*Asks:* 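Right, I'll just put the structure down here and ask away after.
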Protein chains: 2
Amino acid sequence: MIRNPASKPTARKPNMREAILVAAEELFATNGFNAVSVRDIAQAAGANPGSVTYHFKTKDGLLLEIYRRHCGPMNLRRSELLAAAKRVRDLQDRLEAMVRAYVAPAFTSGSDLAGGGARFTRLRAVMSAEGNEVARKIIAQTFDDTSHAFIDAIHDSLPHVPRTDIVWRSHFLLGALYYSLVTPDRVSRLSRGEADGSDAASAIEQLVQATVAAFQAPALDQAAPTRRRPVVSSKT
Amino acid sequence: MIRNPASKPTARKPNMREAILVAAEELFATNGFNAVSVRDIAQAAGANPGSVTYHFKTKDGLLLEIYRRHCGPMNLRRSELLAAAKRVRDLQDRLEAMVRAYVAPAFTSGSDLAGGGARFTRLRAVMSAEGNEVARKIIAQTFDDTSHAFIDAIHDSLPHVPRTDIVWRSHFLLGALYYSLVTPDRVSRLSRGEADGSDAASAIEQLVQATVAAFQAPALDQAAPTRRRPVVSSKT
DNA sequence: TGATCTTTTGTACGATAGTACAAATCGCAT
DNA sequence: ATGCGATTTGTACTATCGTACAAAAGATCA
């Protein structure tokens, strides 16, 4: 019976600290921060309430640690994918690759944390909706750089669209992304079972396709008083 | 000193019940349901905690009443605007009008409730993120009809796009809409002050423009293995 | 005006929250 | 095996939660 080779020489049971983190992630992402008690988390993790205090000191500390361990890997992955996307020659393909570089890591794991990508993104969505203070600080510090990098890159591919519009549209992208992870069942319901809102692959493809089109919409500021955009085809 | 002509013969102070509702809306929409105590609400409304119990029995009952008084007017307004939009002849204009009919009532007041539109929409966003049970039931009952009406109408204007894609894209629209109301400051921050995320008019225009383009994106299912979409212009 | 109903107030109660802390337990190097 | 540091357990404390309820106060109308 081999014990898993714990990297650190400190670990009694399989990995209680990890179990608490995962349980907390899931519960926070599903019910919000305040609706979940430390006791709930402990029970879900098969731990003792006091154990949570031992590892993370406070409930805020636990949330902080959840962010800490995810932000790095996810942003790293995004940077890699963005760098690769920037090298794509074709302008249309490049834009799509960049959007995908932004979207994909939010759905899939950003590191060895099994399946943690979607769960963590859902958590971010909920925390941002609740106006959580701990989350707000971390997000402004950690994610704004990445967001700016994407906005700049996309702007380079769409020079005729003002940066302001790019910002708005990337904001919409994040909102759509969050909402897809928060209430996937709504998609299933409204499509009357024809689509599965929980299917990450579908969500990514749909989101990328729609967002690329949104980014390519004509500029708003400098727009002429009357519409002048070529419609895609409008009827068959 | 004229007393305001209360429609109902029951009302002691200006309108305590209303004050509690407004305070609760604002607090719930900002901090989430569980983070706000009945005492917080009472204090913000200048009322006594017991008064909340008297008018709404429970905290859930208070939330329920908030939904009740907003859902009707907002959906009515949406139906009116959708009906008007359907009468627009030009296909492109009609699509835009329909999207606007969906978006506008969420930002502006749906009735005589002063400025309540945006506040209520923000509330819905937060409740949906928190997975609130009371909200979930009401939404499925009250909003799905409206959502279906819009999806069907938009599908009629975009027959070459599968209904499934329309559902996804309208889902993205709602997510973007929610997020715009939840964290408007992010837009201001990322645009380095060039845009004001709190400006409803800007948000609506940006959202409508981006969403119309997203809806017009080529279909996903029946798509050919290689891309074949006419790019809008891609460079000046 | 005085009776009656509605609304507001004040207070209290049981439940549960986050957290602290001492005791018990475990893994491991020696 | 044994001692030691790391972890887990159990429990307790204080604060705050939602809610109930009786009393006070205001409004309404004969």
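Every chain is numbered from 1, with letters handed out A, B, ... down the list of sequences. Quantities reported herein were computed from a predicted structural model and do not represent experimental measurements.
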*Asks:* If only side-chain N and O atoms of B:Tyr54 are considered, is one of them under 4.0 Å from the OP1 or OP2 phosphate oxygen of C:dT7?
*Replies:*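 Yes, because at least one side-chain N or O of B:Tyr54 sits under 4.0 Å from OP1 or OP2 of C:dT7.
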
*Asks:* Does A:Arg169 have any side chain to side chain donor-acceptor pair (under 3.5 Å) partners at least two apart in sequence or in another chain, and if so, which?
*Replies:*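 Applying side chain to side chain donor-acceptor pair (under 3.5 Å) to A:Arg169 gives none.
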
*Asks:* Enumerate donor-acceptor pairs with a distance under 3.5 Å from any side-chain N or O in residues 126-135 of chain A to protein atoms, sequence neighbours excluded.
*Replies:*
from, atom 1, to, atom 2, distance (Å)
A:Glu130, OE1, A:Phe33, N, 3.0
A:Asn132, OD1, A:Val134, N, 2.9
A:Asn132, OD1, A:Ala135, N, 3.0
A:Glu133, OE2, A:Arg136, NE, 3.4
A:Glu133, OE2, A:Arg136, NH2, 3.1

*Asks:* Would you say B:His55 reaches C:dT6's phosphate, i.e. side-chain N/O to OP1/OP2 under 4.0 Å?
*Replies:*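 No, B:His55 has no side-chain N/O under 4.0 Å of OP1/OP2 on C:dT6.
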
*Asks:* Can you pull out every side-chain hydrogen bond (donor to acceptor under 3.5 Å, both in side chains) where at least one residue sits in residues 34-46 of chain B? Sequence neighbours excluded, please.
*Replies:*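 For residues 34-46 of chain B: B:Ser37-B:Asp40.
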
*Asks:* Send over the distance from B:Gln43 CD to D:dC17 P, rounded to a whole Å.
*Replies:*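 Between P of D:dC17 and CD of B:Gln43: 11 Å.
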
*Asks:* Would you say the side chain of A:Leu82 lies within less than 4.5 Å of the side chain of A:Phe150, judging by non-hydrogen atoms?
*Replies:*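 Sidechains of A:Leu82 and A:Phe150: in contact.
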
*Asks:* So, does B:Asn48 get its side chain near the phosphate of C:dG10, meaning an N or O under 4.0 Å from OP1 or OP2?
*Replies:*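 Looking at the OP1 and OP2 atoms of C:dG10, one of them is under 4.0 Å from a side-chain N or O of B:Asn48.
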
*Asks:* Taking salt bridge (charged side-chain N to carboxylate O under 4.0 Å, His left out) as the definition, give me every residue that meets it alongside B:Asp196, ordered by chain and number, with sequence neighbours left out.
*Replies:* none

*Asks:* Using nucleotides 12-19 of chain C, report all nitrogen or oxygen pairs with the protein that are shorter than 3.5 Å.
*Replies:*
from, atom 1, to, atom 2, distance (Å)
C:dA12, N6, B:Arg39, NH2, 3.4
C:dG18, OP1, A:Lys59, NZ, 2.7
C:dG18, OP2, A:Val38, N, 2.8
C:dG18, N7, A:Arg39, NH1, 2.7
C:dG18, O6, A:Arg39, NH2, 2.7
C:dT19, OP2, A:Lys59, N, 2.7
C:dT19, O4, A:Arg39, NH2, 3.4

*Asks:* Starting at CZ of B:Phe56 and ending at P of D:dT19, how long is that distance when rounded to a whole Å?
*Replies:*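 Computing the B:Phe56:CZ to D:dT19:P distance gives 13 Å.
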
*Asks:* Considering residues at least two apart in sequence or located in another chain, which fulfil the side-chain contact (heavy atoms from CB on, under 4.5 Å) criterion with B:Lys57?
*Replies:* none

*Asks:* Starting at atom CZ of B:Arg17, determine the distance to atom C1' of C:dT9, rounded to an integer number of angstrom.
*Replies:*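 After rounding, the reported distance stands at 19 Å.
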
